[in-house]
Structure formats: structure tokens, C-alpha cells
Amino acid sequence: MMSKQVSYWTEFYKGLYDQNPIFRQVLGMCPTLAVTVSGPNGLAMGLATSFVLLFSGIVISSLKNLIPKQVRIAAYIVVIATFVTIVDIVMKAKFPEMSKDLGPFIPLIVVNCLILGRAEGFSSKNNITRSVLDGLGMGVGFTIGLTILGGIREILGSRTIFGLQVLPDAFEPWVIMILPAGAFLTLGLLFGLLNFVELKKKTKKIKEDQQRALAEIKKLTESSEEDLAVKEG
Amino acid sequence: MFQKLLTFVGGIHPGENKNFTENLEIEEMPLPKSVYIPLSQHIGKPATALVKKGSIVKEGEVIATAEGFISSPIHSPVAGTVLKITTGANLSGVPKEYIEIQVNPEGEKVFMEPVDWQNNDKKTIINRIKEAGIVGQGGAAFPTFVKLSPPPGKTIDYLVINGAECEPYLTRDYRLMLERTSDLIEGIRILMKAAGVPKAIIGIENNKPLAIQKVTEAAKAYPEIQVATLKTKYPQGAEKMLIFAGTGRKVPPGKLPLDVGVIVQNIGTSLSVYDAVVKGIPSITSVMTVTGKGITTPKNLLVRVGTQLAEVINYCGGLKPEAVKVISGGPMMGIAQYDFNAPVMKASSGLLVLASSEINEAVETPCLRCGKCVEVCPLNLLPTRLAKLTQMGKFEDAEEYGVTVCMECGSCAYECPANIPLVQWIKLGKKEVSKIQRARKSS
Amino acid sequence: MNNVTKMLVVLLVIGVVSGGLLAYISDWATPIIKENARLETERAVLEVHPGSTKQIKIDNAGFELYQVMNEKGDITGYAMPNEGTGFQGKVKIMMGMTPNLDEITGLKVLDQVETPGLGAEIVKDYFTGRFKAISTQPEIKSVKGKKPENPNEIEAITGATISSVAVVKIMNDGIKKVKDYLSTQEKKEGAK
Amino acid sequence: MELVLVFLSAAIVNNFVLAYFLGICPFIGVSGKLSSAFSMGLASTFVMVIAATVTWLIYHMILVPFNLEFLQYVSFILVIASLVQFVEMFIKKVSQPLYRALGIFLPLITTNCAILGLALFSVLREYGFLESIFFGLGAGAGFILALVLIAGIREELDLAEVPAQFKGVPITLIAAGILAMAFMGFSGLISN
Amino acid sequence: MSETVTTTPEVKKPELKLTSSPHLHSTWSTQKAMWIVVISILPALISGVLFFGLYQLIVVFVSIAGAVLTEYAIKYFRNQRITITDGSAVITGLLLGLIVPPNFSLVLVFLGSVVSIAIGKEVFGGLGYNIFNPALVGRAFLQAAFPVAMTTWSKPEFAPDAITSATPLSAWKFVDGGEPFFTATENLFYGNIGGSIGETSALAILLGGALLFVLKIANWRVPAAMVVGMLVFGGIFHLLNPENYPTPVDQIFMGGFLFGAIFMATDWVSSPVTNKGMYIYGLGIALIIVMIRLFGGLPEGVMYAILLMNGFVPLINRYTRPVIFGEEK
Ligand SMILES: Cc1cc2nc3c(=O)[nH]c(=O)nc-3n(C[C@H](O)[C@H](O)[C@H](O)COP(=O)(O)O)c2cc1C
Ligand SMILES: Cc1cc2nc3c(=O)[nH]c(=O)nc-3n(C[C@H](O)[C@H](O)[C@H](O)COP(=O)(O)O)c2cc1C
Ligand SMILES: Cc1cc2nc3c(=O)[nH]c(=O)nc-3n(C[C@H](O)[C@H](O)[C@H](O)COP(=O)(O)O)c2cc1C
Ligand SMILES: Cc1cc2nc3c(=O)[nH]c(=O)nc-3n(C[C@H](O)[C@H](O)[C@H](O)CO)c2cc1C
Ligand code: SF4
Ligand code: SF4
Ligand code: SF4
Ligand code: SF4
Ligand code: FES
């Protein structure tokens, strides 16, 4: 068991920003880059991944005491691959268009390092409730990341958001945004932007800390002066 | 008479600017009121003073003895009274210990007995060179007798005499070659005998045709001494480059010329050897070129060791208002001076005063990876990389890239369009790397 | 020993459960997937034959070929899927032809991986529309940078000549295949 | 010739990393130093070739004959994982230096999607046995190429004044983006 | 120390500089080199304006403005010294303006030059740190983002009728059935042909190049290796099949080869620093150009070839490190 238990809310919330799989942990990059040519694709991939994440988390955390250590990776892989196959088959049957768009990236969820990482690093050590929350948080964080990236690429590359045209015809679509190069560039710039905000926060925090420390010192000196004054008085 | 000019790959060709002084005869500078004799005028441990405050010394008397193997005794360049022993300004910029002597123009001289070198053995000659306190005048001030005593088992095939004088502005070696040609040849023969070398090559750059002609003439009688005409290019006079041009041999990094069977000596050094052996005069003067647009009357001067720069400058008419840089040595490797109390030393070869019009100053920009520094580095280093790695504190990598091999010739920094002080960075890198190496050795 | 058995048993159980589950789901999904594919083809076939409503798959052709009919049961032509190499990779099309194979009735690009905005424009209606009623005699030709002059010419997409030419080539190849098949068929029938 | 084209296509024109986005995590994670990038690439190539061989056999000799295609993902990943384990033990036995050089990367490779992607593409494209192997070789070579290129660039960038916000992952992605643009020059070189 | 001063005559001391050796410096500076490069590009600009009309001047101006403004904005934003006067951003803008098709959209060329500086140069740390040639990053971006606009060529203004708007390379490559169409070599030389604004006139390019090589700003090794590479690789294929493949000499004058060889492959920052490296770099570029032109799906590959080799430069520098003087190989 983990030595320090965080609140259930944090268990869920951490996946959204502080430990966001894409922007913080830099995991699952392949689908992140490959399928995000549009918002819907990003969303679908995010949901599919979340599904696998959630259910494999549940299964693994409930079986965690039954599975011998030596075969745990193999067992996890089988569990994960089973859920992935389910998603794949269901999508082929019910959403053939989307299944075509996402192509081989659905089966590749099997090896998405995010999922195995969570299975090995979290579900195998925590109870079902926590696993569910963690899986949900990570899944939502991942989905949000993919959707944002897909959205940006869709707007600039096709003038649309979720298929709705939002930019005027006069805007020449940037074909590069739906090509591999565009994926790398967009994600790189997005990362940089995020770091920009983070760095600002950090420097702001440092500044605040300094100010607080200064104020404290001032208070201390004042109080000691007062003390002295009192004593002298 | 058309022969291929000998040289090396790389290097640069800055304006020679030798015309200020190349036609001026060496003139002896009058005695100053006082001289200031640094105890450290050579590579190796400083000498130990033998005199005290108030001692009366004679010209040529030993006033400090050598300390350890690579060291050299020091003789008083004047007769007079020791005023004090203290620390103060030095050409290297770091204050050093020195002996101050008040000059007595009527004082006595005590030179050594001449040595009949033709009828004496190596040992006697080398001993005399050691006693006379001769150090290399090519810049490094390495005690000459050490070079002449190779460890047993090493045979030396060539004595290479460095008459390249590749630094712009300087004309000291050139004047010496013209004015003391026969002494020079005899000095070289003494050196050959001392080191047991069968062959000597005098390397002279082809911008000094008169010197080539005169020296060739004088050396005719001795087939074992040859003159090699070198391409005029900086740093042709650097030991490794000169050896390569003259003999085709390459001194590997971290090795000495000795390891490839060569000894290199400067023109001035050879003449000091002549003076010490044939005339019994110890190393108490230095011939230096005082030049540049910033000095009123440029001269080639014979100066007593210990004379303060201020005296020299004043003797040459003082600085002009446009002077911006005073340099001990040549423009490429010399050290910028600011305390004119610093005294002339045995290995001083020049005092250069540059005016603002002679320095091309431009803003420093980041490295543009133009490769010019790489193209000119005579040692095939990657100066840009060395500087960058040092800047980033990656000293292990800098070592890997050979930072310690750099001879600080400055060709790279001269050429760099981004005006990066490459040599400064590299020097720092060398220092840090040698710290690391020492730490490694001790652990 | 005990440990090893446990390992094996656990893995086996997981494997069996997983296999069973998947087999079950796959059983359920396979017909749907097949049906999807069939429907898609059917839709494509009718799309390249505007006005027609019925289709029959010709089984003995050695390749996929459909005979298409209208409401009244008159044969309106043939439809065939065919594929070839475009600029970046495979291009798969469905094309419709008149019964005597003289004219194209319609074209649909089913699959392609060409550059979006360039080669991928071949899926757009403005391009496929150019093939409507184009003559196949002696074969379809693409022209570049000028208006087509002859009935068998279509204009290539600017900046995507390779993809355009590829589509034309795939069509010509297909037509040839159908022609050969029909003529052998005629011979057989004649022989009968 | 066919085989050479398969190799070149996978190595350059359709580079796994820069055009197919496979193996991005190791591409970003292990490309900081040239030496480890090369080792990682080499180890991956090694596994890729074996995986291509074995998964082909499994798919065509077992799954297809017994109608078990739905077990494709489960069986592939199990085989790859156990292969990597086996290779690891084998290398450990055979050569200690090699193990030290490659060993730490092997476990990472299990979850590298380039390997599974390779197996899946090979099925998707209906490659024959030999083609599959060359596909594995080519993909591996392409992976090494991309990894080594980016590692060289990153080592160079260590000495550059990249703005703080862009140090690390962002600048790596941007450099990869520019490389991907440059690789587009090869498009159409070998169509497939 | 005060006693010593009294014994020494006073020297009037001006402000003295104490910088480290060497104390001499060549007369080159970054700024000077960059502005001479700008001058050397002018003949190509003039030829572009002559052949394609005055509008091209506006295209180039907008491109330069985009580059300079972007650099200014980023430096301002990052609180760094404004370095516009060093001329490197002007070169980037100027070059980008010259390698887009004539009559190109002003909005797009502006976007391209913003990308050149922002993504091609400043994210890497600015002048001297970029891995890839900024102008080509901008062009590659435009090519990938707006492929149609980037392949729409206008005719030169006083072209004889025989010359269509297609560039010589695509005229040769994408023939409508008939024979491959080769353009006469003298047209290639003077530049009376279709192509990017500044690339068509070999004469103008060589004129500017002569200045760069005489002043030793551009290193001759890279273009020399490119030409040799083209003669060898292009020559082999021409000899194998002279009907289909143009002669290597024509190939040198076609498309962006000369322009790239002289102004872009020679970019200091994005090319190798070692001599051996420069040969490898040039040969590599030539090989890739030949591959793309003769076998690829695109008519032209100079840009891609240079960008790809830019990516190899760190490795090239590393593995062509010269053997230190006196060291055993
Ligand atoms: C860059 C460089 C340039 C040099 N140029 C000369 C030169 O032109 N003449 C010279 O005598 N020594 C020159 N030297 C010093 C020689 O390398 C060598 O130390 C000297 O000639 C040895 O003779 P010495 O012991 O008599 O001084 C140069 C050294 C360096 C590092
Ligand atoms: C990024 C990029 C993508 C391309 N994609 C395609 C493509 O999908 N299909 C195609 O036929 N040509 C493609 N091309 C090739 C060129 O546009 C080529 O010049 C064109 O096919 C020639 O046609 P044109 O004669 O009409 O210019 C592409 C070129 C580039 C630069
Ligand atoms: C330095 C330079 C590099 C270029 N690189 C490319 C390139 O990689 N691809 C391209 O299509 N055009 C490139 N161009 C533009 C072409 O040279 C040419 O104008 C364009 O490709 C169309 O001409 P073509 O059809 O004869 O190839 C470049 C131009 C220059 C000046
Ligand atoms: C010889 C030479 C060639 C240059 N070529 C280019 C070029 O092709 N593209 C470019 O953006 N800048 C070029 N520059 C300018 C500058 O080096 C370039 O912007 C740097 O890459 C910016 O760091 C060139 C500069 C010189 C001296
Ligand atoms: S001062 Fe140094 S560089 Fe100059 S000539 Fe003498 S030795 Fe050569
Ligand atoms: S690196 Fe050293 S040896 Fe090479 S040119 Fe620079 S100063 Fe001279
Ligand atoms: S000469 Fe200067 S700018 Fe050029 S590579 Fe060397 S350090 Fe960089
Ligand atoms: S295990 Fe592989 S995929 Fe996962 S983070 Fe590490 S390198 Fe990336
Ligand atoms: S998702 Fe592909 S390597 Fe991680």
C-alpha cells in the first residue's frame, strides 16, 4: 500500500493537469500525434483509450493479489489486449467510418505506454475505487489533450471544428496541419506555450515566496524591536 | 632557385607591419636609475635571492640561484646597491617577487671566463649555458640548458633555429640576423656541439630576403647548417609548425620536439649562447622591438633586464594620444599591460603600442559556425567547439576535443567574424581541464 | 514448483477467459462487419450508376464485377472496383460503365492516401464529376492545364498530375479487364 | 528488387517515426545522447526483425487456418513480450558487453508501438514471408536513422541557447517536425 | 609601491584596453559579412524583377518585412538585444522572397517568413543556433501548407511562345504523353524560363556568387562538392538513359540548384564546420537532388536535400572531426 493516501478527488484530478499524460508525462505520444488530424478523431481515440484504461484498471486491481509477480506483465498485457480487441471489433461493427480513420492506431492502444504504465505503476498497487478514479482522470486528461490538439489541427488544416466550418473561405487551409510535420510542430509549440505559462507561474510563486519571506523577516524584526522597546521601557 | 616554400596547413596572414622598425639598427638604451629584477623570469620554480637589502652588487654577479631542475640563475644586469626585495608589477599581470637595485654607473663588472668551446666537451658547454642563466627567447622562457640535455637514449637529428619571427610588427630577430650574422652561426655551432646534433636548419620566412641572403652566405662554410625559406604565414614560428615545415616531422599532442628528434632554439637564444660561451657574458640584456602606431619613435632596443616599461616608453618618445593598447610581446600572443612599473625580462621580445586604428573592434555575436576558425587552426582543433564546451562548463568534453593541445596562437580568434574571444575561453578551458586532470591523478 | 503451477494456471485462466470473451464478441460482430462492407460496396455501385436500383454480383469473372439494373430490370451497365498505385500509395476506386463499355457513368474513390489538399482532391465531386459520360474510346486520357477537346479527355488536377493520371490509369486497366471478360463470355455463349 | 523497395520504403520514404508516428516515446525519451540512441535503435531493429518473422508465422500458420483472427492482438503482443524476454536472457548469456549496451533498452521495447505496428502493417499489407522480414529490417533501419539524427541534433542543441520554455521535449518535437517536412521530399519516390 | 613610482618617470597614460590575446583581428564582422551577402543576392532579385515584373519587388519586400518584424518582436518579447542590424533576418526574408513562385500571394509569403524566423531560427536560440536553414524551413512550410499555390508558375514576361509556364523540370518530368521536353541551355543560363522569382537566371546568381567566393564569405567547398556530385550522380543516369534523363550540366542550370548551392547550402550556421564535412554535405545534397528529381514524385528537390542534410550536420561535424596535428589516425 502506498504510504500516503491522497484524497479521492486528487486521485481523479491529477490526471487532468498536474500529471496530464501528454503534457506532463509525455506518454502515449504516437496516437497523440498520429490520429489528431481532427477534433472528432482525437476525441474518439481518447475515449477508446479511456475505456481500455478504465476496464483494464478495474480488472488488474481486482486481480492484483491473485497474479504471481513473475507473470504479471504478461497477464496485464493479455488483459489490456483483450479490451483493445473488444474496442476494435465494436468500432468496426458500429462506427466503421471512425474505425477507418483511426486505422491501426486502435490496436496500438495495446502498447500505449500510458496504459501499461498505469497498470504496472498504479492499478497493481491500489484498490478498485482508486483505480477507477485514476483511470478516469488519466483518460479524461488524455482525451482533452487529444481533442485540443485535434481541434487546432482541424481548424487550421480544414477550416472546421468537428466538421463545422468556422473560418471563412478566404482562409486558405494549411494542408501541413494534417500532415505528420504539422502534428510535430503543433504539439511542440503547444508544449512550449504550456511551459511558458508554467514558468511564469513558477517565477510568480518564487516572487511571492520571497515577498512572504521578506514580510516575515520584517515582522520578526519589528516584533523584536517591539520586544526591545518593551524591555527598555 | 625556385623551390617550394616550406610551410604547414592552416594559419593566417595578418598585415605584417614590420616597416616601422625593420630598417632601424639595434640601439643600446642608456642605463636607468634603478632596475627591478623579477625572481621568476623563466618557466619553472622562481630563483632564490642571494642578496639582501643594502648589498652592493657588481654587473654580472649572480644575485639569485636556480631552484630545482627547470630553473635558472639570475645575474645582476647593472652594478649598484640593493634597495629592497619586494613584490610588484610583472609583465604577466600577476605581481611577483623582485629585487630592486639602484644603478651605479661607475660600478664594477664581473663577467665569466670565456670557454674554448671547440676544445671542450658538451658538459662544459651546457654547464656554461646553465650558469649564464640563458632561457629561451622565443617566448616561453624555457631554460635552454634543459633542452640541450636530452634524457639518455634519445638521439637528436636536427637543431632547428627559429628565425621565422612570424608575429607581425616584431623585427628583433630580423635585426639580430642582419647585424650579428657570424656570431649567430657560431652560436648555432656551439648549440650543435652541446646537444650533439649533426644537422641544423635555420628557418626564415620569405618576407626577410635580406636576412636569408646574409645568413645563407655566412653558413656556406658549414654544410651541416642549412637555411630553409619558409612561407610567410602566422604562426610559422610556432615550434610544431616550424618543425613540420623544416623537417616534415609532426610533434604529437602532449609530446616534446625531443620525442621526434628535434630541438628548436630562437635566434636571440642562439646569440645569448654565443655571448655566454665565447664572451662570458651572462643573460642580462634583452633585445626588443618597441613599435606600433601608438609610440612616438619606434626603435629596436638593447635593454637591461629589469628596466621598467615606463623608462622604455619614455626613451622612445612616450605614448601618442591615440594609443589604446600596450602589449608585452607581439600582437598575436603578447600580454596587454597596464602597470608600466613592470620590468623588462630576459625573454622580452617586444613592446607594442597599438593605436585605435590598428585594432578592428566589432561587437561579439554568437558563433555562426562558419568554420573559419577550424580552417585556420594549425593544430586541426575545433576552436568553436572548445570555446562553446568551456562556456557550457563541459570540461570533460572539452578535454576529449583536445583543448589542452591548443598553443594559444590566436589564429582562430583573429579570423572569427563573430569576434568571439576564443583564446580566452580556451585558456579557461585548459585551466579547468588541468585541474580535473590533477584531481584525477591524485585520486 | 507450486509457484510455477500457480503461474501457469493463472495465465491459462486469464487466457481462456479472454479467448472466450473475444470469441463471443467476434461471433456477434463478424456478420455486422461483413454486412457493413457489403452495404458500402452496394452503395458505391449504385452511386456510380445514378438512376439504377439493383445490382447483381457476377461470380465467375475472376474479379469483383457487378451488373446494374434499373427499376424495370433493364441492364444499365457494369460497375467494378479496381485499385492501383497513386502518388503515395494505393488508390481504390469504384467505376460505372455503360453496357457496351463505351462511356463512364460515374466514379467514386473508395480509398486513398494521397496528400490532403493535393492528391486527395481526387475524392472530391468536382473531380469525379469530370468523368461522367466520358468516352472510353480508345481509352481515357488526361490533359493538363487546358480544357479537354475530345470526348475521351478529362482535365487533371493542377498540382496533382500524378494522382490524376493514376486514377485514369486504374480506370483504363479496369475497363480492359471487363472487356476481356465480356468478350470471352460472348465467345463462350457463341460457342454454345 | 521488390524486397529492396520494401526495405527502402520502410526506412526512408515512409519512415516509421517521421511519417507513421510509431515509436515516438523512445524517439523522445532515449534520443538525448547519441550512444544510447544508437543502442536503442539497434536493439529495436533486432526485435523488429524477429517479431516480423514470428508474427508472420503465427498469423498465417495458426490464426488464419483456424479462423482465430480476433486473437491477433493478444497473440502478437504476448509473442513480442516473451520474445523480448528471451532475447534479453540470450544476450545476457552470450555476451556481457552486448548486454550492457543493449540490455537496459530491451524491456522498454516491449511496449514500443513500432514493433506491434510493424506486425500489424505487415498483415494489413499482405506481405509475404520474405517481404515481412525486409519490412522489419527497413523499419528498424529507419528507426535508427530517425533516432540518430534527432540525437545528433539534440546534442548540438545542448550547446544552444534554446529558450527555456522550449528546452527538451518541445524543441525535439519541432526539430522532428522540420525533419518530417524534409522527408516529404521523398514522397512519391517509392509508392507503397 | 608608492616609492617605486617616485623613482620612475611619469608616463602619460591614455585609457588602455586589457583584453586577452590576440590583439589583432581581421576586419570581418558578422554584420559586414551579412550585408555583403545581401548585396550579392541583389543581381538575382534584379533578374527576377526583369523577368517577372515589378510586383516581385513587393513580394520580396513583404517577405523581408515579415522576417525582420518577427525577429524584432521575439527579441523584444524575450528582453534581448535587438539584432536586426546584423542583417541575418534580412537575408532570410530576401532569400525566401526569391524562392517562391512569381506573383505569389503576399499574405502567404508573409506567413512563410514569420515561420522562417520563428520556427526556423528563434526557437532554436536565434542567430547561430538554428539547425536548419531558416529560409528553407519557411519555404518547406509553405510548400507543405499551400502546395497548389507553391506550384503555380507564371510565365516570364517576354518569354518566346515556345516556353510554357511550366518550369523546365516539370516540363521534362510531367509530360502529356509525348517526349520529355528539354529546355535550351542558353535559356537556362540567362533565365528566360519559368521558376521561382530569383532562381531562373544562372548569370545573375553566378555574378553574386563570384562576390561571395572572392571575398571568401561563402566557403567554396560546399558548392564545389554539389557540382561534382551532380556531375557524377546525374551523369551516371544520363549515360544510362540519355533519352529520359537530362545531362548533368543542364541539371545544374535547372530549378533551384545554383541558387541553392551558392546562397543556401553555404549558410554558415546550418552547414558543417569541418572541411571534410563540407564535402560530404555537398555530395549528400547532390545525391538527394538527383534521387528526387529523377525518381521521386516531385519535380524539384533542392530544398528538401538541403534541409535533410542540415539534419545530418551535427553528425557530420562529429564524425569528421579533423585529426589533431601530430595525432595518429
Ligand atoms: C603561436 C606561436 C608562435 C611562435 N612563433 C615564434 C617565432 O616566430 N619565432 C620564434 O623564435 N619562436 C616562436 N614561438 C616559440 C617557439 O614555439 C619555440 O618555443 C621557440 O622557438 C623555441 O626556442 P627558444 O627556446 O629559443 O625560445 C612561437 C610559439 C607559438 C606558440
Ligand atoms: C507536399 C507535397 C505533396 C504532394 N502530393 C501530391 C499528391 O498527393 N498527388 C500528386 O499527384 N502530386 C503530389 N505532389 C507532387 C507535385 O505537386 C507535382 O508537382 C505535381 O504532381 C505535378 O503536377 P503539375 O504538373 O500540375 O504541377 C506533391 C508535392 C508536394 C510538395
Ligand atoms: C534553393 C532552392 C531550393 C528549392 N527547393 C525546392 C524543392 O525542394 N522542391 C520544390 O518543389 N521546389 C524547390 N525550389 C523551387 C524550384 O527550384 C522550382 O522553382 C520549383 O520546384 C518548380 O520548378 P520545377 O517544376 O522545374 O521543379 C527551390 C528553389 C530554390 C531556389
Ligand atoms: C554565406 C551565407 C549564406 C546564408 N544563407 C542563408 C540562407 O540560405 N537562409 C537563411 O535563412 N539565412 C542565410 N544566411 C543568413 C544567416 O546565416 C542565417 O539567417 C542563419 O542561419 C541564422 O542563424 C546566410 C548567411 C551567409 C553568410
Ligand atoms: S615573438 Fe613569438 S611569435 Fe613572434 S616572432 Fe617571436 S616567437 Fe614568433
Ligand atoms: S585553437 Fe589554439 S592552436 Fe588552434 S588556432 Fe586557436 S589558438 Fe591556435
Ligand atoms: S570563426 Fe567564430 S563564428 Fe566562425 S565557427 Fe569559429 S567561432 Fe564560430
Ligand atoms: S517504455 Fe517505451 S514507450 Fe513507454 S515511456 Fe519508455 S520509451 Fe516510451
Ligand atoms: S505510443 Fe508509440 S511508442 Fe509510445
Side-chain angles (χ1 to χ4, degrees), chain D residues 1 4-5 8-9 11-15 17-19 31-35 37-38 41 144-192, chain E residues 74 77-80 115-116 118-134 136-145 147 173 269-270 273 288-289 291-319:
Chain D
M1 199 56 203
V4 175
L5 287 187
L8 285 181
S9 160
I12 297 174
V13 183
N14 295 311
N15 189 283
V17 176
L18 296 172
S31 64
K33 277 207 100 64
L34 201 56
S35 49
F38 187 71
I144 295 181
L145 179 70
L147 220 57
V148 167
L149 266 179
I150 209 75
I153 291 174
R154 284 181 75 170
E155 285 197 356
E156 188 72 35
L157 287 176
D158 278 351
L159 303 178
E161 289 180 4
V162 177
Q165 298 85 354
F166 284 93
K167 284 221 164 84
V169 179
I171 195 70
T172 308
L173 285 169
I174 290 175
I178 299 176
L179 270 183
M181 291 201 290
F183 266 79
M184 280 165 62
F186 290 124
S187 55
L189 192 64
I190 303 161
S191 304
N192 208 327
Chain E
I74 291 176
F77 196 60
R78 291 188 65 197
N79 275 327
Q80 289 181 333
V115 169
S116 286
I119 294 179
K121 183 173 169 190
E122 292 298 330
V123 276
F124 288 97
L127 180 66
Y129 296 116
N130 48 302
I131 303 287
F132 300 94
N133 187 322
L136 288 178
V137 169
R139 192 188 189 283
F141 177 87
L142 289 176
Q143 176 91 60
K173 192 157 179 170
V269 179
S270 52
V273 296
I288 298 174
I289 293 176
M291 297 241 304
I292 294 180
R293 280 185 177 178
L294 301 190
F295 308 108
L298 308 174
E300 172 65 311
V302 175
M303 165 181 81
Y304 294 113
I306 298 178
L307 278 176
L308 268 170
M309 290 311 289
N310 285 164
F312 277 98
V313 165
L315 296 176
I316 294 178
N317 278 337
R318 196 185 171 99
Y319 293 108

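Scope of the values below: all heavy atoms of this structure, side chains included, with no hydrogens, waters or symmetry mates. To find a chain, count down the sequence lines: A is the first, B the second, and so on, and within it residues start at 1.
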Exercise. Please round to the nearest 0.5 Å and tell me the distance separating atom CZ of E:Phe132 and atom CD1 of D:Ile153.
Key: 4.0 Å

Quiz prompt | D:Gly152 versus E:Pro314, closest heavy-atom pair with distance | solution = O-CB, 3.4 Å

Practice problem: Counting only heavy atoms closer than 4.5 Å, note whether D:Leu159 contacts chain E via side chain, backbone, both or neither. | Solution: backbone

Quiz item: Which of these passes side chain to side chain contact (heavy atoms under 4.5 Å, CB included) with D:Ile178: E:Leu136, E:Asn310, E:Val137?
Solution: E:Val137

Self-check item: Nearest-0.5 Å distance, CG of residue D:Leu157 to CZ of residue E:Phe124
Solution: 6.0 Å

Quiz item: If every non-hydrogen atom of D:Glu161 is compared with every non-hydrogen atom of E:Arg78, which pair is closest and at what distance?
Solution: O-NH2, 4.2 Å

Practice problem: Could you check which of D:Ala151, D:Ala160, D:Gly177 has the highest count of heavy-atom pairs closer than 4.5 Å to chain E? | Solution: D:Ala160

Quiz item: What part of E:Phe312 lies closer than 4.5 angstrom to a heavy atom of chain D: side chain, backbone, both or neither?
Solution: both

Quiz prompt | Atom pair CZ (D:Arg154) and CD1 (E:Ile131), whose distance is rounded to the nearest 0.5 Å | solution = 12.0 Å

Self-check item: Verdict with reasoning, E:Arg318 to D:Leu34, per side chain to side chain contact (heavy atoms under 4.5 Å, CB included)
Solution: CA-CA 11 Å; E:Arg318 196 185 171 99; D:Leu34 201 56; 3.3 Å; yes

Quiz item: To the nearest 0.5 Å, what is the distance between CD1 (E:Ile292) and CE (D:Met184)?
Solution: 11.0 Å

Practice problem: Specify the closest pair of heavy atoms between E:Met291 and D:Phe186, including all atoms of both residues, with the distance to one decimal. | Solution: CE-CE2, 4.3 Å

Quiz prompt | Minimum heavy-atom distance between E:Gly125 and D:Pro163, given as atom pair plus value | solution = N-CD, 4.0 Å

Quiz item: Tell me, side chain or backbone of D:Leu145 under 4.5 Å from chain E's heavy atoms, or both, or neither?
Solution: side chain

Self-check item: Contact class of D:Gln165 relative to chain E, heavy atoms under 4.5 angstrom
Solution: neither

Quiz item: Is it the backbone or the side chain of E:Leu308 that comes under 4.5 Å from a heavy atom of chain D, or both, or neither?
Solution: both

Self-check item: Heavy-atom side-chain proximity of D:Val162 to E:Tyr129 below 4.5 angstrom
Solution: no

